[in-house]
Amino acid sequence: MGNIVLETKDLCKTYIVDKMSNNVLQNVNFKVEEGELISVMGPSGSGKSTLLYTISGMDSATAGQVIFDGEDISAKNEKELSKIRLLKMGFVFQQMYMMKKLCIMDNIVLPGYQAKQEPREEINKKAEELMRRLGIIETAEREITEVSGGQLQRACLCRALINNPKVLFADEPTGALNSKASMEVINELSNVNKAGTTILMVTHSERVASISDRVIYLEDGNIMGEIKLGKMEDMQELHQRERKLKNWLAEMGW
Ligand SMILES: Nc1ncnc2c1ncn2[C@@H]1O[C@H](COP(=O)(O)OP(=O)(O)O)[C@@H](O)[C@H]1O
Ligand SMILES: [Mg+2]
């Protein structure tokens with residue numbers, strides 16, 4: 001086993017709405033090794049987003065623990081959590097939360113400037129490297145309304161990577177994209193993972209999940225099973241992996 005970068009221990013989350021309690025996560029236990037690319041799948045409402053938010057400290061757990069990079073983050077206060085999120089976690093969402101008043105480049109460097117770990121010149125250089133790697137360098141000076149959906153999502157990925165996070169969290173990263181743009185984004189996610197970043201993502205798409213080393217199936221806040229697909233060496237393997245995943249999901253009642 002490699003290094004465990006993330007672990008949940010009997011993680012529970014209960015929402016109380018109108019005095020009714022909804023046990024959205026029920027004793028969730030799993031481990032993520034450094035360098036893994038994991039997808040969480042499951043029906044709508046099964047608790048996938050809640051799992052991501054609770055693990056990343058954006059929402060608090062009702063019971064249980066989350067150990068992230070050797071620290072029990074369930075015991076941290078909001079100030080400590082935001083520092084951990086800024087320095088050690090990256091986020092990509094379906095709705096792309098970019099600052100409308102800033103151009104693409106300025107959005108990407110922003111978390112870097114906020115982290116104050118490196119001089120701004122270095123952060124600018126890193127942003128340019130990332131944009132070049134992800135094929136959007138020509139969009140640097142554009143407004144966020146002047147780029148395509150795929151380009152914008154790749155810019156979000158650059159922004160999420162600017163502080164070299166330990167783990168990248170992605171919630172439906174291709175949810176708002178057409179199939180061509182989705183393929184671009186999964187190609188980049190796969191490359192980012194190959195370059196060493198651990199990724200935990202939630203997706204509805206079998207195609208997108210096919211790039212993962214491991215897929216976890218969640219239902220009513222319980223992990224019902226997982227399938228190991230292993231590291232994808234080449235995008236050529238995608239269709240075969242997708243078929244394998246679909247067969248397994250069918251067995252899970254997907
Ligand atoms: N902030 C909230 N307050 C109350 N209930 C919530 C909240 N967020 C999610 N839920 C409920 O938790 C359940 C799981 O939601 P979610 O994690 O978003 O599922 P998924 O991402 O798998 O579609 C749903 O029943 C949803 O209504
Ligand atoms: Mg969700």
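Order of appearance sets the numbers: ligands from 1, and atoms from 1 within every ligand. Residue numbers count from 1 along this sequence.
Using cut-offs of 30° and 60° on the angle between ring planes, the pair Tyr53 and Phe93 is tilted.
Within the structure, ligand 1 has Ser44 among the residues with a heavy atom less than 4.0 angstrom away. Under the 4.0 angstrom criterion for non-hydrogen atoms, Gly221 is not in contact with ligand 1.
What sits closest to atom 25 (O) of ligand 1 on the protein, heavy atoms only, is Asn22 ND2, 3.4 Å. Distance from atom 12 (O) of ligand 1 to its nearest protein heavy atom, with residue and atom name: Val24 CG2, 3.1 Å. Atom 2 (C) of ligand 1 has as its closest protein heavy atom Tyr15 CE2, 3.4 Å. Among all protein heavy atoms, the one lying closest to atom 17 (O) of ligand 1 is Thr50 OG1, 2.5 Å. From the protein, the heavy atom lying nearest to atom 18 (O) of ligand 1 is Ser49 CB, 3.8 Å.
Other residues, nucleotides and ligands contribute more than 12 heavy atoms inside 6.0 Å of the CD atom of Glu78. When the shell of 6.0 Å around CE of Met99 is examined, it contains 12 or fewer heavy atoms from other residues, nucleotides or ligands.
Residue contacts with ligand 1, taken as heavy atom pairs separated by less than 4.0 Å, do not involve Val202 at all.
Ion pairing of Lys126 with Glu128 is absent here, as no side-chain N (NZ or NE/NH1/NH2) approaches a carboxylate O to less than 4.0 Å. Electrostatic pairing of Lys48 and Glu172 does not count as a salt bridge here, judged by no charged N lying under 4.0 Å from a carboxylate O. Ion pair Lys83/Glu80 not flagged as a salt bridge, since none of the NZ, NE, NH1 or NH2 atoms sits closer than 4.0 Å to an Asp/Glu carboxylate oxygen. In this structure, Lys101 does not pair ionically with Glu143, as no charged nitrogen and carboxylate oxygen lie closer than 4.0 Å.
Looking at ligand 1, you'll find an N or O of Gly45 within less than 3.5 Å of one of its N or O atoms. Between Gly47 and ligand 1, at least one pair of N/O atoms sits closer than 3.5 Å.
Ligand 1 places these atoms under 4.0 Å from at least one heavy atom of Pro43: 22 (O). Ligand 1 places these atoms under 4.0 Å from at least one heavy atom of Val17: 4 (C). Listed by atom number, the atoms of ligand 1 under 4.0 Å from Ser46 heavy atoms are 19 (O), 22 (O).
Side chain to side chain, Tyr113 and Asn124 meet the donor-acceptor criterion of an N or O pair below 3.5 Å. Donor-acceptor pairing under 3.5 Å is recorded for the side chains of Asp59 and Tyr15. A donor-acceptor contact under 3.5 angstrom links the side chains of Thr14 and Asn23, judged on distance only.
None of the N, O or S atoms belonging to Ser44 lies under 2.8 Å away from the Mg ion (ligand 2).
Proximity of atom 20 (P) of ligand 1 to the protein is indicated by at least one non-hydrogen atom lying closer than 4.0 angstrom.
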